[in-house]
Amino acid sequence: MSFIKFDNVSFSYRDCKPVIKKAKFDICRGDFVALVGPNGSGKTTLGKLVMGILKADRGKIYIDGSDVKNMSLGQVGKKIGYLFQNPEVQIFALTVEEELSFAMRIKNIPDDTINDRVKKVLEYLGLSHQLHSPTYNLSYGEKQRLAIAGILVNEPDFIILDEPTTGLDVIRENMLIKILKSFLTRGIGLMVISHDIFFIKKFTGRILKIYGGEIFEQVSG
Amino acid sequence: MNRFLAKTDVRTKLAVVICLSGIAVFIQHIYVLGAILIITILCAVLSGVSLLKSIRSTKRLWYLFFAIVVIQSMFLRRGEAILSVRNFTILTSGGILMGMEFLLRVSIVLFSATIIVTSNYREIIQGLIQLKIPYDIAFMVSVAIRFLPLLHDEIKDALTAIQLRGIEINKIPFKKRLRVYSYIFMPVLSGAIRKAQTLSMAMETRAFRAYPVRTSYLVLKFSAKDYIIIVLSFIFTAAVFVSYYVFNFPGRVLCDYFQ
């Protein structure tokens with residue numbers, strides 16, 4: 001059974017030409033899917049449609065069998081993590097520890113579980129030494145890993161990353177590739193929205209190309 | 001007749017807004033305020049303002065105003081008691097009157113502000129400069145006008161991002177919801193500081209304030225219609241103030257209002 005399903009989805013911004021035209025595809029749990037296309041082709045729009053940030057004009061989007069239209073952002077967020085193009089927009093707290101724990105505290109998760117999850121995620125992403133550091137002192141690469149950590153503590157089944165290589169040097173990019181590959185081995189599915197074809201080619205999976213509002217399954221990487 | 005005020009000089013619109021807001025601030029009379037609100041709405045419509053759109057875009061502000069009206073009505077004990085439980089008075093006629101006056105006052109200020117927005121931001125800045133307001137201050141106003149919608153979008157994005165952390169904002173208790181809102185200010189504030197730094201650098205590289213005198217491609221000119229509207233606005237405002245403060249017209253709505 002598909003985890004994300006697009007069923008003849010069309011979308012256009014107010015008074016504009018359609019950005020997405022009758023998109024129809026399925027993504028299974030644990031899949032790697034790259035969404036490529038030129039600037040302004042609707043890649044980010046498609047990602048936002050999956051997350052329920054934007055609502056489709058026509059057609060239906062299903063996540064794990066449920067229609068996104070009937071789900072709150074919080075419900076979608078529990079199943080799919082979303083990394084914004086600019087990680088700074090999703091860093092909310094003053095310290096790294098608080099950043100990773102505040103959402104769980106609001107959800108009444110016990111302190112022991114919170115501490116355990118925070119410790120594991122920070123170790124996994126190589127940020128353990130920054131546990132008590134102020135978030136605004138982190139480098140761009142560290143902020144991006146912190147944003148990914150914020151997603152991972154929620155233990156999502158799938159992660160969507162919007163242009164994750166923007167602003168990263170070669171070393172940080174390689175580090176990100178290593179992290180993303182380890183997600184795939186753990187069974188976490190990935191959708192990477194990018195126009196960086198060299199980055200995409202480091203992964204094995206499907207490539208969806210979006211052009212003129214239509215989606216083409218291009219090649220298998 | 002339709003959109004009669006739309007093509008007028010921005011300084012004329014500013015004069016109309018100052019007159020209407022001035023009456024709203026200094027006159028404490030529900031009938032006068034009601035009449036001024038009708039005039040303000042009429043001016044806004046003649047300026048091409050879409051009332052429904054304005055109300056929709058300030059929807060949350062109206063909720064706040066209504067909440068203030070209710071609280072004010074409950075805590076102000078003047079006039080006759082309208083609703084009381086045993087010896088405890090909950091609502092008084094003076095309280096309701098003051099609450100209604102507050103609502104009318106803020107409505108006048110809000111609707112009159114929409115008249116200014118019918119001019120583009122470049123015209124507003126030029127209007128301020130030609131009113132001899134220093135360019136630095138006029139520029140700050142232009143930055144505020146340009147960046148306020150962006151700030152609004154950033155707050156919306158931050159709220160979306162925080163919900164995507166798996167927080168179902170409508171299902172958590174009010175106290176926790178307030179905590180969630182407090183977290184939103186961190187990315188919004190850091191984003192605003194970052195934008196201000198970038199903007200200041202961009203301005204320096206384009207030689208902002210390099211010369212004491214600036215020339216402008218856009219120069220505003222008053223037409224006969226502008227002069228007539230300005231003169232009529234000031235005469236009307238003066239007439240309202242004189243009749244209210246000198247001739248005490250119209251009289252007080254409640255006799256024991258300020259006792």
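Numbers restart at 1 for each chain; the letters A, B, ... are given by sequence-line order, proteins then strands. Here the structure is a predicted model, which means the values were calculated and not measured.
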Report yes or no: do A/Glu98 and B/Tyr183 form a side-chain donor-acceptor pair below 3.5 Å?
-> yes
Would you indicate whether the side-chain heavy atoms of B/Leu164 and A/Ile53 approach each other to under 4.5 Å?
-> yes
Which bit of A/Glu99 comes within less than 4.5 Å of chain B, counting heavy atoms only: side chain, backbone, both or neither?
-> both
Restricting to pairs with a member in residues 42-53 of chain B, which pass side chain to side chain donor-acceptor pair (under 3.5 Å), not counting sequence neighbours?
-> none
Do other residues, nucleotides or ligands put more than 12 heavy atoms under 6.0 Å from B/Arg122 CZ?
-> yes
Determine whether A/Asn108 and B/Lys176 make a side-chain contact, defined as any pair of heavy atoms from C-beta on separated by less than 4.5 Å.
-> yes
Kindly indicate whether the side chain of B/Ser190, heavy atoms from C-beta on, has any atom under 4.5 Å from the side chain of A/Tyr136.
-> no
Does some side-chain heavy atom of A/Leu94 sit less than 4.5 Å from a side-chain heavy atom of B/Met186?
-> yes
Using a cut-off of 6.0 Å, state whether more than 12 heavy atoms not belonging to B/Lys225 lie near its atom NZ.
-> yes
How about A/Lys178: does its NZ atom have over 12 heavy atoms from other parts shown lying under 6.0 Å from it?
-> no
Can you tell if the side chain of B/Lys171 reaches within under 4.5 Å of the side chain of A/Gln75, non-hydrogen atoms only?
-> yes
For A/Pro87, which residues count as a side chain to side chain contact (heavy atoms under 4.5 Å, CB included) partner, sequence neighbours excluded?
-> A/Tyr140, A/Gln144, A/Ala147
With the side chain counted from C-beta on, respond yes when B/Ile162 and A/Phe102 share a heavy-atom pair under 4.5 Å apart, and no when they do not.
-> yes
Non-hydrogen atoms of chain A under 4.5 Å away: do they reach the side chain of B/Arg194, the backbone, both or neither?
-> side chain
Exceeds 12 heavy-atom contacts within 6.0 angstrom, atom NZ of A/Lys55 = yes
For each of A/Met104, A/Glu88, A/Arg105, tally heavy-atom pairs with chain B at distances under 4.5 Å, and name the one with the top tally.
-> A/Glu88
Would you mind reporting whether A/Lys107 and B/Glu168 have side-chain heavy atoms less than 4.5 Å apart?
-> no
Tell me, do B/Ile167 and A/Ile106 make a side-chain contact under 4.5 Å, heavy atoms counted?
-> yes
Would you indicate whether A/Ile171, at its atom CD1, is surrounded by more than 12 heavy atoms from other residues, nucleotides or ligands within a distance under 6.0 Å?
-> no
Distance-only, no hydrogens or angles: does the B/Arg165 side chain make a donor-acceptor pair with backbone N or O of A/Gln90 under 3.5 Å?
-> yes
Is the number of heavy atoms from other residues, nucleotides or ligands under 6.0 Å of B/Phe185 CZ greater than 12?
-> no
